[in-house]
S.K.: 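Questions regarding the structure given below will be posed in turn.
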Amino acid sequence: PAPLPCLPPRVITFDIETANTFEEAESWDPADLQLAVVCAHDSATGKIEHYLEKDLPELWKVLAEADVLVGWNSNHFDIPILARRYPGQIARLRSVDLMKELQKVIGRRIKLDDVAQATLGHGKSADGLQSIVWWREGKIQEVIDYCKQDVQVTRDLFDYALAHGSLKYPQNGQGVQEAKLDTSAWLTKPELPQGATASLFG
């Protein structure tokens, strides 16, 4: 019989907006925050969909078939929020946290908007605190649109990094700098021992 075709990994690029702040939650654990919306780009469809709390079972169906999760500061923020709700094993997915990958090289945390402006020439449309204000005002579509735009920017940066092996960032007093990134493992599944439930958040 002919060998089965090797399918490309299914990559989910995602972002989460919350309905409250850490101070209001009286916790520094992102998992304790209230979820407003999750937006996710699915490489299998090329579309960005949104999921409110009531829609999460539909997102779980997507994650069940996914191979890689891509985000910005996602290991320490978005994935813990998802993991508290997701009935499956998040740790079986490869996690590519673009902020963390860049931090390894430049030695500091950096904002998505700064890297997007330097690399792509365009960035975010608002910020997370503004999103919370919109949510409380009942401007749900504005929150969804903002979240989707963050996902698109993150996906564009992921594609750029894969194509060029680097991302650009502003360096005070030195203009735009380029950071070389090792992307060789980004599209592979994580190697976990049998039965392992390793955390992706470290």
Side-chain angles (χ1 to χ4, degrees), residues 10-90 93 95-100 109-117 119-159 200-201:
R10 188 169 180 178
V11 179
I12 305 301
T13 306
F14 79 114
D15 183 59
I16 292 176
E17 300 306 325
T18 64
N20 61 343
T21 65
F22 286 110
E23 289 80 2
E24 290 162 345
E26 298 181 345
S27 170
W28 290 106
D29 182 352
D32 291 332
L33 294 172
Q34 297 172 17
L35 186 147
V37 65
V38 184
C39 292
H41 176 280
D42 186 348
S43 66
T45 64
K47 297 179 180 179
I48 300 176
E49 304 289 355
H50 72 273
Y51 306 89
L52 302 173
E53 188 92 42
K54 64 181 176 60
D55 306 316
L56 289 179
E58 294 305 310
L59 176 60
W60 304 155
K61 294 176 185 177
V62 174
L63 293 186
E65 302 297 327
D67 300 301
V68 182
L69 275 177
V70 175
W72 187 272
N73 194 31
S74 47
N75 283 3
H76 290 283
F77 186 79
D78 306 85
I79 288 179
I81 294 174
L82 269 193
R84 178 158 292 187
R85 295 162 173 83
Y86 184 46
Q89 283 290 331
I90 287 281
L93 301 173
S95 172
V96 180
D97 181 338
L98 292 177
M99 192 201 76
K100 186 176 179 181
R109 295 165 60 88
I110 190 167
K111 294 179 179 179
L112 172 62
D113 189 54
D114 290 342
V115 178
Q117 293 285 358
T119 305
L120 307 170
H122 61 84
K124 291 160 60 76
S125 58
D127 61 54
L129 292 179
Q130 178 62 56
S131 173
I132 291 173
V133 171
W134 283 336
W135 183 263
R136 290 176 180 165
E137 292 174 347
K139 298 176 180 178
I140 309 304
Q141 192 59 51
E142 279 88 339
V143 176
I144 292 169
D145 291 343
Y146 164 65
C147 189
K148 284 186 173 183
Q149 205 251 350
D150 265 14
V151 169
Q152 186 62 61
V153 168
T154 303
R155 178 69 203 193
D156 289 347
L157 287 175
F158 179 72
D159 288 341
L200 293 173
F201 317 147

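Everything numeric in this text was worked out from a predicted model, so none of it was measured.
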S.K.: Among residues at least two apart in sequence or on other chains, which ones pass side chain to side chain donor-acceptor pair (under 3.5 Å) with N73?
M.R.: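 Per chain and number, N73 pairs via side chain to side chain donor-acceptor pair (under 3.5 Å) with no residue.
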S.K.: For a 4.5 angstrom cut-off between non-hydrogen side-chain atoms, does D42 reach E49?
M.R.: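 No; the side chains remain at least 4.5 Å from each other.
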S.K.: With side chains defined as the heavy atoms from C-beta onward, is the minimum distance between S74 and K100 less than 4.5 Å?
M.R.: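 Counting from C-beta outward, S74 and K100 never come under 4.5 Å.
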S.K.: Return the minimal non-hydrogen interatomic distance between L98 and F158, and the atom names on each side.
M.R.: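 Shortest heavy-atom contact: CD1-N, 3.8 Å.
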S.K.: Go through the structure and list residues passing salt bridge (Lys or Arg N to Asp or Glu O under 4.0 Å) with D156, not counting sequence neighbours.
M.R.: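 Here no residue qualifies.
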S.K.: Give me the atom names and distance for the closest heavy-atom approach of H76 to P30.
M.R.: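 In this case the closest contact between H76 and P30 is O-CG, 3.1 Å.
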S.K.: Restricting to non-hydrogen atoms, name the atom on W72 and the atom on M99 that form the minimum distance, rounded to 0.1 Å.
M.R.: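 The answer is CE2-CB, 3.4 Å.
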S.K.: Under the rule for salt bridge (Lys or Arg N to Asp or Glu O under 4.0 Å), what residues qualify as partners of E65, not counting sequence neighbours?
M.R.: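 Counting only residues at least two positions away or on another chain, E65 forms no salt bridge (Lys or Arg N to Asp or Glu O under 4.0 Å).
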S.K.: Restricting to side chain to side chain contact (heavy atoms under 4.5 Å, CB included), what partner residues turn up for T119, sequence neighbours left out?
M.R.: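 Partners of T119 by the side chain to side chain contact (heavy atoms under 4.5 Å, CB included) criterion, ordered by chain and then number, come out as V115, L157, Y160, L167, K168.
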S.K.: In Å and rounded to the nearest 0.5 Å, what is the CD1 to CD distance from I132 to E137?
M.R.: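 Between atom CD1 of I132 and atom CD of E137 there are 12.0 Å.
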S.K.: If the condition is side chain to side chain contact (heavy atoms under 4.5 Å, CB included), which residues does E23 pass it with, not counting sequence neighbours?
M.R.: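 T21, W28.
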S.K.: Any chance you could measure T13, atom OG1, to D159, atom CG, to the nearest 0.5 Å?
M.R.: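 Those atoms lie 7.5 Å apart.
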S.K.: Test of understanding: with salt bridge (Lys or Arg N to Asp or Glu O under 4.0 Å), list the residues that count as partners of D97, not counting sequence neighbours.
M.R.: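 Residues passing salt bridge (Lys or Arg N to Asp or Glu O under 4.0 Å) with D97: none at all.
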S.K.: Within this structure, what is the CG-CD distance for the pair D15 and Q152, rounded to the nearest 0.5 Å?
M.R.: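 Going from the CG atom of D15 to the CD atom of Q152 covers 12.5 Å.
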S.K.: Could you name each residue pair satisfying ring-ring contact (aromatic ring centres under 6.0 Å, His included) that touches residues 36-61, not counting sequence neighbours?
M.R.: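 The answer is W60-Y86.
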S.K.: Quick check against the 3.5 Å criterion: does D67 have a side-chain atom that pairs as donor or acceptor with the backbone of R10?
M.R.: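 Yes; at least one donor-acceptor contact below 3.5 Å.
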S.K.: So how far is it from L59 CG to L63 CG, rounded to the nearest 0.5 Å?
M.R.: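 Result: 4.5 Å between the selected atoms.
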S.K.: Determine the minimum heavy-atom distance between L82 and F14, stating which atoms define it.
M.R.: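 L82 and F14 have their closest heavy atoms at CD1-CE1, 3.7 Å.
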S.K.: Taking atom CD1 of I12 and atom CD1 of I48, what is their separation to the nearest 0.5 Å?
M.R.: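 Answer for the CD1-CD1 pair, I12 versus I48, is 11.0 Å.
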S.K.: With sequence neighbours excluded, what pairs up with K61 under the salt bridge (Lys or Arg N to Asp or Glu O under 4.0 Å) test?
M.R.: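 Partners of K61 by the salt bridge (Lys or Arg N to Asp or Glu O under 4.0 Å) criterion, ordered by chain and then number, come out as E58.
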S.K.: Less than 4.5 Å apart, side chain to side chain, heavy atoms only: is that true for S95 and I79?
M.R.: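 Yes, at least one pair of side-chain atoms sits under 4.5 Å.
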S.K.: Distance from Q117 atom CD to L112 atom CG, nearest 0.5 Å?
M.R.: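 One finds 10.0 Å between CD of Q117 and CG of L112.
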S.K.: Looking at every heavy atom in both E17 and C147, which two are closest together, and how far apart are they?
M.R.: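 In terms of heavy atoms, the two residues are closest at CG-CB, 3.7 Å.
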S.K.: Please check if any side-chain donor atom of D145 sits under 3.5 Å from a side-chain acceptor atom of Q141, or the reverse.
M.R.: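 Result is yes, a qualifying pair exists.
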S.K.: Pairs under 3.5 angstrom only: tabulate donor-acceptor contacts from the side chains of residues 32-40 to other protein residues two or more places apart or in another chain.
M.R.:
residue : atom : partner : partner atom : Å
D32     : OD1  : R84     : NH1          : 2.5
D32     : OD2  : S27     : OG           : 2.6

S.K.: Please identify each residue that fulfils side chain to side chain contact (heavy atoms under 4.5 Å, CB included) with E142, with sequence neighbours left out.
M.R.: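 Checked E142 against side chain to side chain contact (heavy atoms under 4.5 Å, CB included); matches are W134, K139.
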